[in-house]
Each structure stands twice: as C-alpha cells, then as structure tokens.
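Have a look at the structure below, then the notes.
Source: prediction; values computed, not measured.
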Amino acid sequence: MLLSSCNLLPQISYSYCLSLAFFILVFFSLSSSTTLAAANPSFIIGISPQDEKYFDSELIPCRDGSKSFSRDRLNDGFCDCVDGTDEPGTSACPESKFYCRNVGSTPQLLFSSRVNDQICDCCDGSDEYDGNINCQNRCIKTENVLQKKDENTLTKTSSYVVNVHERNSKNNLEDLIQKLKEFKILLIVEVVLVGFIMTFGIFRRRIRFRRRRY
C-alpha cells in the first residue's frame with residue numbers, strides 16, 4: 001500500500017519515498033512491540049507480588065531444587081522445572097499455578113491448565129492475556145457483591161440478635177408477671193390465714209371471759 005502511494009506522488013523521488021515508507025514501518029513496528037511488552041509483561045504474569053524478588057536474578061533455581069534456569073526462559077512456554085517454577089504464567093507445566101492479582105477483590109491461584117483456555121477465571125481477566133477472548137474486569141463488582149453479602153449477613157445477624165434479645169426480654173417479663181401473680185396469691189392466702197388466726201384468737205378470749213363471769 002505504501003509503495004502504491006509512492007507511485008501517486010510524482011513530486012517526491014521514488015527512492016526518497018521508499019526510505020520514508022521504510023522508516024514509518026520500522027517506527028510502528030517498534031511502537032507496537034513496546035506497547036505489547038508494556039501491556040503484557042510476561043516476566044511477572046502469574047507471579048504473586050511476594051514472589052517477584054525470587055525471580056529477580058538472571059539464574060533462577062527451581063523451587064524443588066532440581067536445577068536452575070535462566071531468566072529468559074521464564075514463561076517461554078517450555079516446562080524446564082518439574083514443579084513448574086519457570087512457567088507460572090503459562091499452561092506448559094501441569095504442576096504450576098497461576099496467580100490472579102484481582103486488584104480490588106480477593107487474589108486466587110489457578111491450575112495452569114486454566115490459563116488462556118478462553119474462559120475468564122480471574123475476575124481481572126489476567127489469565128486470558130493472549131487476546132483470544134476479551135475478559136472484563138469484574139473485581140470491583142465482585143468485591144461490591146461480597147461487601148453487600150457481608151452487610152446483609154451482618155444485618156440479618158443483628159436482626160436475629162435483636163429478636164432473640166426481645167424474645168428473652170419478653171419471656172423474662174412474662175416470668176416476672178407470673179411470679180408476681182403467684183406472690184400475690186400467696187400474700188392473699190397469708191392475709192386470710194392471719195385474719196382467721198386473729199379472729200379465732202379474739203373469739204376464744206371472749207369465750208374465756210364469759211366463763212369467768214359466770
């Protein structure tokens with residue numbers, strides 16, 4: 001397309017046009033490579049922030065101690081370590097685990113077989129970085145859902161505690177009323193008995209007093 005454009009520009013020499021076209025192609029190629037490297041940093045894909053220092057050196061040992069591998073073989077699609085240390089961001093090693101950062105939500109670990117399988121497993125979509133599927137970032141929404149669930153659970157728990165407290169208070173009040181009723185009955189019985197004893201005593205004294213007179 002650029003060559004055909006050069007043919008349409010007679011005022012510019014053909015060789016100068018070719019040089020300009022070559023420069024434009026090289027510029028865009030470098031720009032694309034730089035953008036891709038920045039957007040898809042394979043040297044940190046699948047690695048947790050706590051493990052980044054482990055992969056800083058040029059010669060990285062496998063975690064099982066079997067051997068070491070150079071940094072340029074990290075996430076290169078070939079399984080060098082049996083335990084998958086060198087392939088945290090690819091599905092090359094069956095024993096490796098992919099770390100989802102899930103910023104704004106809960107981090108998680110995936111089996112390597114779920115990396116680039118065209119299924120969005122990480123809520124941030126980092127497990128599908130090859131571009132075959134567009135994964136939307138659902139981390140904030142997931143966190144909001146979890147927060148709402150926690151708030152609902154807390155509300156339900158608070159309501160349950162309040163209901164239990166009210167029920168206990170009601171039961172205690174009913175018990176108190178029942179006890180007061182029983183106490184009232186006992187008090188009435190005691191008053192009646194005291195009255196009866198006093199009446200009987202007065203009546204007995206009158207009988208004795210009459211006998212003494214006669």
Side-chain angles (χ1 to χ4, degrees), residues 2 21-158 161:
L2 288 173
F22 179 76
F23 174 77
I24 293 174
L25 287 174
V26 171
F27 176 77
F28 279 103
S29 297
L30 291 175
S31 299
S32 300
S33 300
T34 304
T35 303
L36 181 61
N40 187 19
S42 60
F43 60 91
I44 63 168
I45 288 178
I47 300 175
S48 67
Q50 294 80 4
D51 291 337
E52 286 182 351
K53 291 184 179 180
Y54 185 85
F55 297 92
D56 277 346
S57 60
E58 291 299 324
L59 191 63
I60 305 170
C62 301
R63 292 186 184 274
D64 59 5
S66 59
K67 56 180 178 179
S68 300
F69 59 94
S70 58
R71 186 182 177 84
D72 59 349
R73 298 172 73 176
L74 179 63
N75 285 337
D76 63 348
F78 294 95
C79 189
D80 299 298
C81 300
V82 177
D83 62 356
T85 304
D86 61 308
E87 299 298 321
T90 72
S91 58
C93 298
E95 298 297 326
S96 64
K97 297 291 181 63
F98 184 91
Y99 182 85
C100 304
R101 300 204 174 196
N102 294 343
V103 178
S105 185
T106 305
Q108 66 182 120
L109 283 174
L110 300 178
F111 289 107
S112 60
S113 59
R114 299 170 70 177
V115 177
N116 290 328
D117 61 350
Q118 298 189 16
I119 298 176
C120 302
D121 299 297
C122 305
C123 69
D124 61 0
S126 58
D127 59 306
E128 300 299 320
Y129 58 85
D130 61 357
N132 290 330
I133 184 174
N134 184 22
C135 296
Q136 296 182 354
N137 192 328
R138 313 182 314 274
C139 291
I140 298 178
K141 294 180 180 179
T142 303
E143 185 69 13
N144 290 337
V145 170
L146 292 175
Q147 185 176 1
K148 288 182 179 179
K149 286 184 178 179
D150 293 339
E151 290 176 354
N152 292 335
T153 303
L154 181 61
T155 302
K156 289 181 180 179
T157 304
S158 302
V161 171

Any side-chain heavy atom of Phe111 within less than 4.5 Å of one from Pro94? no

Roughly how far, to the nearest 0.5 Å, is CG of Asp127 from CG of Asp121? 4.5 Å

Taking the two cysteines Cys135 and Cys122, do their sulfur (SG) atoms come closer than 2.5 angstrom to each other? no

Taking the side chain as everything from C-beta on, heavy atoms only, tell me whether Asn75 gets closer than 4.5 Å to Pro88. yes

Considering residues at least two apart in sequence or located in another chain, which fulfil the side-chain contact (heavy atoms from CB on, under 4.5 Å) criterion with Asn132? Gln118, Asp130

Restricting to side-chain contact (heavy atoms from CB on, under 4.5 Å), what partner residues turn up for Ser91, sequence neighbours left out? none

Once salt bridge (charged side-chain N to carboxylate O under 4.0 Å, His left out) is applied, what residue pairs with a partner in residues 58-68 remain, sequence neighbours excluded? Asp51-Arg63

Run the salt bridge (Lys or Arg N to Asp or Glu O under 4.0 Å) test against Asp80 and tell me which residues pass, sequence neighbours left out. Arg73

Separation between CD of Gln108 and SG of Cys100, rounded to the nearest 0.5 Å: 4.5 Å

For a disulfide (SG to SG under 2.5 Å) check, start with the C-alpha distance between Cys81 and Cys93, then their side-chain angles and the critical distance, and finish with the verdict. CA-CA 8 Å; Cys81 300; Cys93 298; over 6 Å; no

Step by step, would you call Phe98 with Ser96 a side-chain contact (heavy atoms from CB on, under 4.5 Å)? CA-CA 7 Å; Phe98 184 91; Ser96 64; over 6 Å; no

Could you name each residue pair satisfying salt bridge (charged side-chain N to carboxylate O under 4.0 Å, His left out) that touches residues 82-101, not counting sequence neighbours? Glu52-Arg101

Could you tell me whether the side chain of Tyr54 and the main chain of Pro61 form a donor-acceptor pair under 3.5 Å? yes

Between atom CG of Leu59 and atom OG of Ser70, what is the distance when rounded to the nearest 0.5 Å? 7.5 Å

Taken in chain and number order and not counting sequence neighbours, the residues that satisfy side-chain contact (heavy atoms from CB on, under 4.5 Å) with Phe78 are Asp76

Asn137 side, atom CG; Asn102 side, atom CG - distance, nearest 0.5 Å: 8.0 Å

Distance, nearest 0.5 Å, that separates CG of Asn116 from OG1 of Thr90: 8.5 Å

Could you give the distance from CG (Asp117) to CD (Glu128), rounded to the nearest 0.5 Å? 5.0 Å

Is there side-chain contact between Phe69 and Thr85, with at least one heavy-atom pair below 4.5 Å? yes

Is the shortest heavy-atom distance from the side chain of Leu74 to the side chain of Ile47 under 4.5 Å? yes

